[in-house]
Asker: 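The structure that follows is given in the form of structure tokens.
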Number of protein chains: 2
Amino acid sequence: MLHDPAQLDLMFQALADPARRQMVERLSRGPASVSQLAEPLAMSLSAVVQHLNVLEASGLVRTQKIGRVRTCQIEPKALSAAETWINERRLAWERRLDRLGDFLAESKDET
Amino acid sequence: MLHDPAQLDLMFQALADPARRQMVERLSRGPASVSQLAEPLAMSLSAVVQHLNVLEASGLVRTQKIGRVRTCQIEPKALSAAETWINERRLAWERRLDRLGDFLAESKDET
DNA sequence: TCAAAACTGAAGCATTTACTTAACTATTGA
DNA sequence: TCAATAGTTAAGTAAATGCTTCAGTTTTGA
């Protein structure tokens with residue numbers, strides 16, 4: 001599950017659009033309806049729904065419809081998958097730089 | 001600089017492709033030439049160069065050409081911009097959930 | 001009851017993406 | 001010197017993206 005390439009594709013792709021990031025920012029401050037998400041965005045409601053579908057497919061956002069209102073909220077776990085991938089890369093190159101540092105320090109000692 | 005939407009677009013877009021993530025993973029273990037990056041990928045060298053251009057434009061990767069070999073390495077600072085954005089969202093909803101928890105606890109007291 | 005509110009879905013369109021092949025330019029090692 | 005190596009660039013293409021408009025469907029409040 002974790003590290004599924006296709007899952008990460010969808011996640012990063014979802015975050016690669018400013019409108020969708022804005023929607024995620026809004027939702028990180030609390031649940032919202034589709035209309036509320038649309039309000040600050042300069043595009044049709046239809047376009048917002050399409051962005052929302054992308055976010056939902058990526059697992060970043062979960063929605064439930066009650067009556068005629070669809071309420072959206074962030075799925076915290078999903079975001080951490082992206083975070084984990086980035087952290088692992090960072091760890092890898094930090095470890096590498098440490099080893100490199102050690103190597104250089106040793107080389108210096110050997111003069 | 002930090003939080004520049006266009007910059008984040010490029011970054012997340014760059015990470016939204018499995019081939020490019022694989023290249024980043026390879027580079028997080030140390031510098032590599034274009035051919036070395038291409039070796040595990042089932043696509044033409046030309047395609048790899050194009051992916052590399054995307055990574056370079058996003059700021060995630062820096063390259064320098066010496067002789068006929070282009071050597072590529074990760075730009076650590078760039079990755080942390082994406083990390084920061086994600087962390088801020090996580091912080092926002094964690095704070096919100098805390099407040100919500102407090103509110104629910106208080107409501108309970110008031111019975 | 002019935003118009004307004006809140007979406008939803010389909011079709012169309014311009015742009016971007018992710019490749020391909022092919023032709024090209026430097027560098028280098030024997 | 002000169003063929004192999006390493007990469008670059010351009011052109012073409014199929015598919016995906018990010019919108020639009022328009023024509024629905026449910027719900028709901030007066």
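Letters A, B, ... are given to chains in the order of the sequence lines, protein chains preceding strands, and every chain is numbered from 1.
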Asker: Taking 4.0 angstrom as the limit, do Glu25(A) and Arg29(A) come out as a salt bridge?
Answerer: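 Result for this pair is no, no salt bridge flagged.
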Asker: Output the rounded distance in Å from CZ (Arg20(B)) to C1' (dT16(C)).
Answerer: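 Nearest whole value for this atom pair: 12 Å.
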Asker: Without swapping roles, check the side chain of Gln73(B) against the backbone of Gly30(B) for a donor-acceptor pair under 3.5 Å.
Answerer: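 No, the answer is negative, given that no donor and acceptor are paired below the 3.5 Å cut-off.
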Asker: Please check if the side chain of Gln36(B) supplies one atom and the backbone of Ser33(B) the other of a donor-acceptor pair under 3.5 Å.
Answerer: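 Judged by distance alone, yes, a pair lies under 3.5 Å.
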Asker: Just the rounded figure in Å: distance from P of dA18(C) to CD of Gln13(A).
Answerer: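 Distance, rounded to whole Å: 8 Å.
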Asker: Please report, rounded to the nearest Å, how far the C1' atom of dT17(D) is from the CZ atom of Phe12(B).
Answerer: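 Value for this atom pair: 18 Å.
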Asker: Round to a whole Å and report the spacing from CZ of Arg21(B) to P of dA18(C).
Answerer: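 Result: 12 Å.
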Asker: Can you tell me if His51(A) touches the phosphate of dT17(D), counting only side-chain N or O atoms and a distance under 4.0 Å to OP1 or OP2?
Answerer: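 For dT17(D), OP1/OP2 do not have a side-chain N/O of His51(A) under 4.0 Å.
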Asker: Could you report the tightest heavy-atom contact between Gln22(B) and Pro40(B), atom names first, then the distance?
Answerer: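 Residues Gln22(B) and Pro40(B), closest heavy atoms: NE2-CB, 3.8 Å.
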Asker: Of all the heavy-atom pairs spanning Leu37(B) and Cys72(B), show the shortest one and how long it is.
Answerer: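 Distance-wise, the nearest heavy atoms are CD1-SG, 3.9 Å.
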Asker: Atom CD of Glu39(B) to atom P of dT5(D): distance rounded to whole Å?
Answerer: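 Taking atom P of dT5(D) as the reference, CD of Glu39(B) is at 15 Å.
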Asker: Would you call Arg62(B) and Glu56(B) a salt bridge, using N to O less than 4.0 angstrom?
Answerer: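 Result for this pair is no, no salt bridge flagged.
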Asker: Nearest whole Å is fine: how far is dG18(D) P from Leu15(A) CG?
Answerer: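 These atoms are roughly 12 Å apart.
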Asker: Please state how far atom CD1 in Ile66(A) lies from atom C1' in dT28(D), giving the value in whole angstrom units.
Answerer: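 Going from Ile66(A) (CD1) to dT28(D) (C1'), I get 15 Å.
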Asker: Rounded to whole angstroms, how far apart are CG on Asp17(B) and C1' on dT17(C)?
Answerer: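 About 9 Å, once rounded to whole Å.
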Asker: When every nucleotide of nucleotides 7-14 of chain D is labelled 5' to 3' by its protein contacts under 4.0 Å (heavy atoms), B for base, S for sugar-phosphate only, - for none, what sequence of letters results?
Answerer: BSBB----
